[in-house]
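Contents: one structure, followed by commentary.
Sequence positions, counted from 1, serve as the residue numbers for this chain.
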Amino acid sequence: MKKGKFIAGKIILMLLGVGLVTIAVLLLWNWLMPAIFGLTIITYWQALGLLALSKILFSGFGRGHSCSNKKKKNWRGRFGNRCSSIPKEKRAEYMQKMKDKGFGSHKE
């Protein structure tokens with residue numbers, strides 16, 4: 001029973017949050033866009049549609065973001081494996097060049 005109330009509460013909070021963000025988009029659009037670009041004012045449902053369209057265009061459909069920690073760790077691991085096969089002398093030379101270019105202190 002407690003789990004059902006918790007889920008219902010989360011759904012209500014999510015709908016309330018989406019509603020408030022939609023109202024913010026509506027108010028900002030109707031305040032700025034007609035004055036700046038000469039566009040018409042929009043309704044609540046058009047603001048919700050704009051919100052959905054921006055989510056699709058800028059976030060995509062998948063879970064997470066393209067720069068998630070998991071992908072960063074995988075990239076760092078692959079790069080670390082490549083660097084470990086380089087001889088120490090060449091690695092030290094490369095690190096010194098990077099320091100000279102201003103890329104901070106690098107550890108071997």
Side-chain angles (χ1 to χ4, degrees):
M1 188 68 178
K2 287 183 180 181
K3 189 175 183 181
K5 285 183 181 181
F6 179 74
I7 292 172
K10 282 187 109 176
I11 290 172
I12 290 170
L13 283 176
M14 184 188 72
L15 290 174
L16 185 64
V18 169
L20 289 174
V21 171
T22 303
I23 290 172
V25 168
L26 171 79
L27 292 173
L28 285 170
W29 179 283
N30 289 339
W31 175 46
L32 295 171
M33 295 306 203
I36 296 172
F37 300 110
L39 300 173
T40 60
I41 61 170
I42 61 173
T43 65
Y44 177 84
W45 299 108
Q46 289 170 327
L48 184 62
L50 277 173
L51 213 53
L53 180 64
S54 65
K55 165 68 173 128
I56 292 168
L57 292 177
F58 298 117
S59 297
F61 293 107
R63 291 181 58 176
H65 300 286
S66 61
C67 293
S68 67
N69 286 337
K70 186 178 179 183
K71 287 185 180 183
K72 284 182 184 177
K73 288 177 185 175
N74 288 343
W75 179 85
R76 288 180 181 150
R78 289 193 312 263
F79 186 74
N81 291 340
R82 288 181 186 167
C83 289
S84 64
S85 64
I86 299 172
K88 273 194 167 189
E89 299 81 26
K90 281 199 168 200
R91 195 175 337 149
E93 181 182 326
Y94 173 76
M95 292 297 185
Q96 187 58 46
K97 283 182 186 178
M98 294 305 284
K99 284 180 188 176
D100 293 343
K101 290 182 180 182
F103 285 99
S105 62
H106 296 278
K107 297 178 182 176
E108 279 191 44

Acceptor/donor pairs from residues 31-50 side chains to any protein atom, 3.5 angstrom cut, sequence neighbours excluded:
from: T43; atom 1: OG1; to: Q46; atom 2: N; distance (Å): 3.3
from: Q46; atom 1: OE1; to: T43; atom 2: N; distance (Å): 2.8

Q) Listed by chain and number, what are the side-chain contact (heavy atoms from CB on, under 4.5 Å) partners of I12, not counting sequence neighbours? A) none
Q. Excluding sequence neighbours, so at least two apart, what forms salt bridge (Lys or Arg N to Asp or Glu O under 4.0 Å) with K97?
A. E93
Q: First locate atom CG of L51, then atom CD1 of I56, and finally report the distance between them rounded to the nearest 0.5 Å.
A: 10.5 Å
Q) Do L27 and W29 share a hydrophobic cluster, counting only Ile, Leu, Val, Met, Phe, Trp and Tyr and linking them when any side-chain heavy atoms are less than 4.5 Å apart? A) no
